[in-house]
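Structure, as structure tokens:
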Amino acid sequence: MDKTFQPAEIESRWYQEWESKGYFAPRDGDGAYCIMIPPPNVTGSLHMGHGFQETIMDALIRYHRMRGESTLWQVGTDHAGIATQMVVERQLEAQGVSRHDLGREQFIEKVWEWKEESGGTITRQLRRLGASLDWSRERFTMDEGLSNAVQEVFIRLYREGLIYRGKRLVNWDPVLHTAISDLEVVSEEEKGHLWHFRYPLAGGEGHLVVATTRPETMLGDAAVAVHPEDERYAHLVGRMVELPLTGRQIPVIADDYVDREFGTGCVKITPAHDFNDYEMGKRHGLPLINILDDDAAIGGEAPEAYLGMDRFAARKQIVADLDALGLLEKIDDHTLKVPRGDRSGVVIEPYLTNQWYVDARALAGPAIEAVENGDIQFVPKQWENTYFAWMRDIQDWCISRQLWWGHRIPAWYDDHGHVYVGESERAVREQHQLADEMSLRQDDDVLDTWFSSALWTFSTLGWPEETPELAKFHPTSVLVTGFDIIFFWVARMIMMTLHFRNEVPFHTVYVHGLVRDAEGQKMSKSKGNVLDPIDLIDGIDLETLVTKRISGMMQPQLAAKIEKATRKQFPEGIAPYGTDALRFTYYSLASTGRDIKFDIGRIEGFRNFCNKIWNAARYVMMNCEGQDCGQDESLPVELGLADRWIIGKLQETEAAVERAFENYRFDHASQALHEFIWNEYCDWYLELSKPALGDPEASEAAVRGTRRTLIRVLEAWLRLLHPLMPFITEEIWQSVAPLAGKSGPTIMLQPFPNSAPEAMDSAANADIEWLKGVIVGIRNIRGEMKISLGKELTVQLRNGGEDDKRRLQENATFLKKLAKLSDIVWLEEGDEAPAAATALVGQLEILIPMAGLIDKDAELARLSKEVTRLETELKRIAGKLNNSNFVDKAPAEVVAKEREKMQAQELALQKLKEQEQRISQL
RNA sequence: AGGACUAUAGCUCAGUUGGUUAGAGCGCUACCUUGACAUGGUAGAGGUCCCCAGUUCGAAUCUGGGUAGUCCUACCA
């Protein structure tokens with residue numbers, strides 16, 4: 001074995017082995033366990049958030065696989081309609097070609113080409129993380145099978161009246177030329193203006209003033225509204241005003257939606273270009289006057305003078321024209337929320353179009369109930385509130401997108417605009433007995449990508465066929481996801497699955513936090529703070545990292561800033577840490593919090609942990625390979641104190657890890673393992689094993705017992721650690737297992753360790769704690785008195801009880817070795833004690849003679865520090881015990897515990913004071 | 001505007017049902033290349049558990065109020 005752990009070669013070797021041997025596919029087992037991967041964008045690449053999520057799923061999957069369950073981790077990607085189409089369009093653009101030049105069919109071919117070319121990135125990355133996904137079942141939302149499922153669902157919902165088509169206001173992206181759902185619109189506060197315009201009253205005696213943030217929409221105004229109880233304007237309700245620039249007259253109406261306090265209290269109403277105005281328009285029977293075209297330039301029923309003008313140019317023009325007419329009252333600065341498309345970043349326009357909708361309200365009922373009655377549980381539970389809040393106020397879901405890349409809507413129109421929904425044109429003709437010569441035209445639109453991902457849990461298992469996989473693995477066990485897509489995806493999956501399968505898609509939703517950078521900032525390409533998990537695994541030099549971060553940016557002007565920040569944060573680039581260290585870091589961060597700040601310091605610590613594991617195994621192998629380590633069960637075995645202790649501690653750790661897995665507390669699992677392996681197994685057990693193995697007087701059975709414990713405990717914790725650190729555990733396990741009497745081709749398929757409570761050994765724990773106490777006491781004096789470790793000491797023990805005496809007798813060898821002692825003397829009562837530095841373990845006094853070693857003042861200082869500490873502590877306890885309320889009301893055992901504590905501390909204090917006095921007299 | 005979450009060591013975070021001397025990792029200080037490991041060892045320093053009040057014998061933990069921050073939902077033209 002190498003002296004340091006070198007992950008790179010080990011990782012690729014083992015992943016290939018596992019995959020080629022088919023270990024990732026479900027095997028027969030007790031019960032089924034299934035996780036569906038939240039499908040990443042097929043043309044995308046993994047970021048830190050993915051890494052975190054995949055790593056958590058892999059731990060769960062490996063854990064349940066080792067527990068003997070029939071385990072499926074379904075892999076797949078989604079087609080990411082808008083994102084992918086945008087990428088391909090941009091590529092074409094670079095060649096000076098638009099998608100319209102190519103035409104729909106050719107364009108889609110190009111997209112498929114791009115998918116073939118770039119689709120491997122994400123799956124390669126998943127493999128690098130060690131994800132044990134069943135690649136043989138890989139699916140893609142645009143696959144034939146999944147497309148069939150999408151079509152089936154659309155048709156059935158349509159026939160049930162749960163999908164309808166309607167002309168409504170939608171969120172229109174004027175650059176992407178498509179409708180998007182409410183969830184795809186992000187509103188951020190931006191600085192803008194509030195323009196005040198005078199609208200003259202028809203008849204010519206005066207005007208009223210309206211305020212607007214979007215002046216250009218005035219071309220489409222259909223009314224001016226005031227509050228019904230607003231006395232200032234009561235006399236105007238029912239009158240008409242002249243709408244400037246349009247030659248139209250519009251009425252003044254009363255509606256209590258109007259806020260009297262805001263602006264002038266008069267609101268211009270533009271039903272075709274504002275969601276609230278649309279609703280008000282419906283209440284008052286106002287006309288919908290569209291004044292935009294698909295590019296959000298002025299169009300529709302707008303006055304000719306403005307036709308074709310871009311909306312923002314028109315805004316300027318209209319303000320200028322009104323000003324010229326003397327109708328501009330004033331312009332105020334105003335901060336407002338501007339809705340932008342989450343993909344394009346452009347300002348979204350409410351725009352009147354024909355779209356397809358899902359009646360979400362109807363589907364929401366059962367979906368709410370499933371969470372209320374516990375069929376589905378969120379972890380942490382608080383996310384259920386988020387879910388309920390959204391579901392109880394759910395809006396109909398606009399599912400049509402004016403894109404080419406996606407599932408085309410299976411609807412055909414005749415020349416009269418009648419719509420026919422069915423599997424194909426032929427099916428539609430047959431069903432409705434339409435003559436062959438009658439022309440039919442398929443709907444141009446495709447479905448929202450989330451429409452197909454909503455079917456993910458069952459469509460990937462073969463639905464609408466009733467496959468054996470569907471029967472076995474559905475409902476799935478747990479969904480692992482971020483809270484940012486509870487609405488987008490989780491809620492919609494629950495609705496669709498309940499409707500079509502009459503069962504939940506999953507029993508548990510584990511909601512994890514979002515990975516942020518070290519400053520707590522969200523990682524994003526435009527901020528230039530993204531980290532590629534693969535770069536943490538393989539390492540990356542600074543120049544490559546900088547280039548990677550500033551290339552292909554939407555806003556190249558930020559490049560300099562990003563370069564500077566990157567050079568500052570990673571002056572040396574990023575070192576290679578390996579997959580296991582990265583994974584363990586993720587787990588250690590997976591607590592219940594919402595934000596996960598990724599600190600590079602953590603991963604370095606866990607890389608060191610990997611090295612520790614590697615070297616511990618190296619030590620064990622050096623001592624066990626080619627030796628008798630108890631493989632022959634018929635030979636006698638004697639277990640020493642340390643052996644019994646570490647076996648017990650292993651059981652405790654196994655129980656803690658299991659509990660952590662059951663509660664999705666991966667941070668607890670990683671902490672328990674880290675603590676056990678480093679602070680117990682390595683720091684103490686391995687050190688204790690050295691004198692045990694080196695003891696010339698030890699019996700063969702005892703040495704065999706130590707070797708057997710070394711190797712078996714190691715073998716067990718390798719399995720315990722495997723779901724979190726798959727590679728290093730596999731590599732080591734291969735050589736360790738045979739010596740521990742285990743065999744098998746891979747650790748992956750070995751049973752997960754079960755805690756055996758009967759092997760926990762409280763007597764051994766107590767003895768080891770005593771041993772540690774004595775050693776630490778001596779080391780402490782050594783440390784503070786600057787006595788080098790090379791100097792062997794003689795210590796004297798005094799005032800101990802029977803237990804102390806026994807423990808000393810049994811462990812003198814260990815004490816000598818670990819505390820570097822030449823001799824230990826037990827002082828009987830009456831024996832003369834020299835001037836010495838003192839440590840206490842319970843009642844037992846440990847004396848280190850000062851002669852020539854220890855400075856009087858230094859020891860006095862040390863003692864006085866200790867005395868002060870004890871006195872403070874004693875005062876606190878005494879205060880408690882002198883309080884009759886405490887003594888009367890607190891549980892007897894708590895009081896007894898405090899009394900005990902006080903007695904022990906008093907005794908200790910007394911001894912230290914005596915010691916202080918004695919030394920000061922020297 | 002409504003709601004949620006967070007606040008613990010210099011930094012990143014644990015802290016189960018109220019009773020610990022409030023913990024870990026990283027960082028820091030001192031010493032140490034001893035045969036698994038310097039990606040290491042040993043020892044150490046470091047905390048007003050955001051603030052105020054309350055409940056309680058007892059509060060980092062429970063309740064109320066406040067402050068700061070983050071996020072979500074809905075928005076006033």
Side-chain angles (χ1 to χ4, degrees), chain A residues 1 3-5 187 194 210-214 217 225 257-259 261-270 274-277 334 336-337 380 382-383 385-386 389-390 393 483-484 486-487 514 516 518 520 575 577 581 585 588-589 591-623 659 663 665 667-668 671 674-675 678-679 682-683 686-687 690 776 779-790 820 869-870 872-873 876-877 880 883-891 893-895 897-898 901 905:
Chain A
M1 282 174 87
K3 199 171 168 183
T4 51
F5 172 53
S187 293
L194 193 58
V210 297
T212 181
T213 54
R214 296 190 296 155
T217 61
Y257 157 77
V258 178
D259 177 356
E261 308 301 317
F262 190 89
T264 57
C266 300
V267 192
K268 58 190 275 309
I269 303 300
T270 322
D274 181 282
F275 289 102
N276 288 311
D277 294 5
H334 183 66
L336 70 160
K337 294 261 191 164
Q382 70 207 27
W383 292 110
N385 293 329
T386 310
W390 191 70
D393 188 32
F483 59 82
D484 51 333
I486 290 179
F487 307 145
L514 260 37
R516 294 163 184 282
Y577 296 111
T585 309
S588 73
L589 295 170
S591 60
T592 55
R594 213 176 39 181
D595 294 323
I596 291 150
K597 289 197 216 176
F598 193 86
D599 178 16
I600 203 91
R602 301 281 306 239
I603 194 173
E604 193 175 336
F606 293 129
R607 191 253 333 244
N608 298 352
F609 180 46
C610 289
N611 195 55
K612 191 77 179 174
I613 289 169
W614 185 256
N615 277 291
R618 219 157 66 90
Y619 166 81
V620 175
M621 288 305 291
M622 281 167 60
N623 283 287
R659 200 166 347 126
N663 294 318
R665 287 303 300 266
D667 58 330
H668 287 170
Q671 212 187 335
H674 188 269
E675 161 84 14
W678 199 315
N679 303 113
C682 293
D683 283 353
L686 292 191
E687 292 309 319
K690 288 173 187 174
V776 168
R779 283 177 179 171
N780 182 306
I781 291 170
R782 247 188 216 280
E784 298 212 9
M785 296 303 147
K786 310 257 187 290
I787 302 170
S788 90
L789 267 172
K820 285 272 157 51
R869 194 185 64 79
L870 277 177
T872 323
E873 180 62 14
R876 205 182 55 83
I877 300 174
K880 261 186 172 179
N883 181 346
S884 61
N885 277 326
F886 172 72
V887 180
D888 294 346
K889 295 188 183 172
E893 58 199 61
V894 174
V895 177
K897 209 168 126 194
E898 291 295 315
K901 228 191 282 178
Q905 306 266 35

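Values below: every heavy atom of this structure, side chains too, minus hydrogens, waters and symmetry copies. Quick note on labels: first sequence line is chain A, next is B, and so on, each numbered from 1.
- Distances shown here put every side-chain N or O of A/K268 at or beyond 4.0 Å from the OP1 or OP2 atom of B/rA77.
- Looking at A/T386 and A/W390, their side chains never come closer than 4.5 Å, going by heavy atoms from C-beta outward.
- Nucleotides B/rG15 and B/rC32, compared at atom C1', are 34 Å apart to the nearest Å.
- If you take atom P in B/rG66 and the same atom in B/rA1, they sit 13 Å apart, rounded to whole Å.
- You won't find any donor-acceptor pair under 3.5 Å spanning the side chain of A/R779 and the base of B/rU42, going by distance alone.
- The separation of B/rA59 from B/rG40, taken at their C1' atoms, amounts to 41 Å, rounded to a whole angstrom.
- Residue-level contact check: A/E893 touches neither bases nor backbone, having no heavy atom under 4.0 Å from any strand.
- Listed nucleotides: B/rU42, B/rA77, B/rU70. Nearest to the side chain of A/D683: B/rU42.
- As rounded to whole Å, 12 Å separates atom P of B/rU16 from atom CG of A/D667.
- Of all non-hydrogen atoms in A/T212 and A/K268, the two that sit nearest each other are CB-CD, 3.6 Å.
- Using a 4.0 Å heavy-atom criterion, one finds that A/R607 contacts the bases of the nucleic acid, with or without backbone contacts as well.
- Protein atom CD1 of A/I603 is 17 Å distant from nucleotide atom C1' of B/rC11, rounded to whole Å.
- A/L686 places its CG atom 10 Å from the P atom of B/rA36, with the value rounded to the nearest Å.
- Residues A/F598 and A/L589 share a closest heavy-atom pair of CD1-CD1, 3.9 Å.
- A residue-by-residue look at A/C610 and A/A211 shows that A/C610 has its nearest nucleotide of RNA chain B further toward the 5' end.
- Heavy-atom nearest nucleotides on RNA chain B were determined for A/T212 and for A/N623, and the one closer to the 5' end corresponds to A/N623.
- Rounded to a whole angstrom, the distance from the C1' atom of B/rG2 to that of B/rG46 is 42 Å.
- In this structure, A/R665 does not reach the B/rC13 phosphate: none of its side-chain N or O atoms is under 4.0 Å from OP1 or OP2.
- For RNA chain B, the stems formed by at least three consecutive Watson-Crick or G-U pairs, with both atom-pair distances below 3.5 Å, span B:1-7 with B:67-73, B:10-13 with B:23-26, B:28-32 with B:40-44, B:50-54 with B:62-66.
- For the pair A/N611 CG and B/rC37 C1', the computed distance is 6 Å after rounding to whole Å.
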Check nucleotides 44-48 of chain B against the protein and report each pair of N or O atoms closer than 3.5 Å, with its distance, or say if there are none.
residue	atom	partner	partner atom	Å
B/rG44	OP1	A/N780	ND2	2.8

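- Considering CG of A/N883 and NZ of A/K889, their distance stands at 9.5 Å, rounded to 0.5 Å.
- Annotation: the span from A/N663 atom CG to A/T592 atom OG1 amounts to 11.5 Å, rounded to 0.5 Å.
- Remark: A/R594 is not in phosphate contact with B/rC5, judged by side-chain N or O atoms under 4.0 Å from OP1 or OP2.
- Ring pair A/H674/A/F606 is perpendicular by interplanar angle, where above 60° counts as perpendicular and below 30° as parallel.
- Taking atom CH2 of residue A/W678 and atom C1' of nucleotide B/rU42, one finds them 14 Å apart after rounding to whole Å.
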Please step through side-chain contact (heavy atoms from CB on, under 4.5 Å) for the pair A/D484 and A/L514, ending with a clear verdict.
CA-CA 8 Å; A/D484 51 333; A/L514 260 37; 3.8 Å; yes
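- To the nearest whole angstrom, the two P atoms, one in B/rA36 and one in B/rA45, are 30 Å apart.
- Listed by first and then second residue, the side chain to side chain donor-acceptor pair (under 3.5 Å) pairs that reach into residues 593-610 of chain A are A/R516-A/D595, A/S588-A/R602, sequence neighbours excluded.
- In this structure, CZ on A/R665 lies 12.0 Å from CZ on A/R659, to the nearest 0.5 angstrom.
- For the pair A/T270 and A/D277, the tightest heavy-atom approach, listed with the atom from each and the gap, is N-OD2, 2.7 Å.
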With side-chain contact (heavy atoms from CB on, under 4.5 Å) as the test, would you mind laying out the steps for A/T4 and A/W614 before giving the verdict?
CA-CA 7 Å; A/T4 51; A/W614 185 256; 5.7 Å; no
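- A/V258 and A/V267 make their closest contact through CG1-CG2, 3.7 Å (heavy atoms, listed as atom of the first residue, atom of the second, distance).
- When rounded to the nearest whole Å, the span between CZ of A/R516 and C1' of B/rC11 equals 18 Å.
- Contact annotation for A/C266: no contact, since no heavy-atom pair falls under 4.0 Å across all strands.
- When the P atom is used for both B/rU20 and B/rU12, the distance is 28 Å, rounded to whole Å.
- OP1 or OP2 of B/rU21 has at least one side-chain nitrogen or oxygen of A/R876 nearer than 4.0 Å.
- A heavy-atom distance below 4.5 Å is found between the side chains of A/W383 and A/I486.
- Annotation: the span from A/Q905 atom CD to A/R869 atom CZ amounts to 7.0 Å, rounded to 0.5 Å.
- Contact between the side-chain N/O atoms of A/K612 and the OP1/OP2 oxygens of B/rC37 is not found at any separation under 4.0 Å.
- For the pair A/N780 (side chain) and A/V776 (backbone), a donor-acceptor distance under 3.5 Å is absent.
- Look at A/H668 and you won't find any side-chain N or O under 4.0 angstrom from OP1 or OP2 of B/rA24.
- A gap of 15 Å separates the C1' atoms of B/rA60 and B/rC13, to the nearest Å.
- When the nucleotides B/rA36, B/rA77, B/rA24 are ranked by their closest atom to the side chain of A/N615, B/rA36 comes out on top.
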Taking only N/O atoms, report every protein-nucleotides 54-58 of chain B pair under 3.5 Å with atom names and distance.
residue	atom	partner	partner atom	Å
B/rC57	OP1	A/K889	NZ	2.6
B/rC57	O4'	A/N885	O	3.4
B/rC57	O2'	A/N883	ND2	3.2

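- Atoms CZ (A/R659) and C1' (B/rU16) sit 9 Å apart, rounded to a whole Å.
- The side chain of A/K897 sits closest to B/rG19 out of B/rA77, B/rG19, B/rA36.
- When the P atom is compared between B/rU17 and B/rU63, the two are found 12 Å apart, to the nearest whole Å.
- The distance from atom CD of A/Q905 to atom P of B/rU20 is 13 Å, rounded to the nearest whole Å.
- We find the CD1-OG1 distance between A/I596 and A/T585 to be 12.5 Å, quoted to the nearest 0.5 Å.
- Residues A/Y577 and A/A581 share a closest heavy-atom pair of O-CB, 3.4 Å.
- Note: A/H334 and A/F262 have perpendicular aromatic rings, judged against thresholds of 30 and 60 degrees for the angle between ring planes.
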Distances under 3.5 Å between nitrogen or oxygen atoms of protein and nucleotides 72-74 of chain B:
none

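- A/K3 is listed as a side-chain neighbour of A/R618, based on a closest heavy-atom distance under 4.5 Å.
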Any chance you could list the contact pattern along nucleotides 29-35 of chain B? Use B for base contacts, S for sugar-phosphate-only contacts and - for none, protein heavy atoms under 4.0 Å, 5' to 3'.
-S---B-
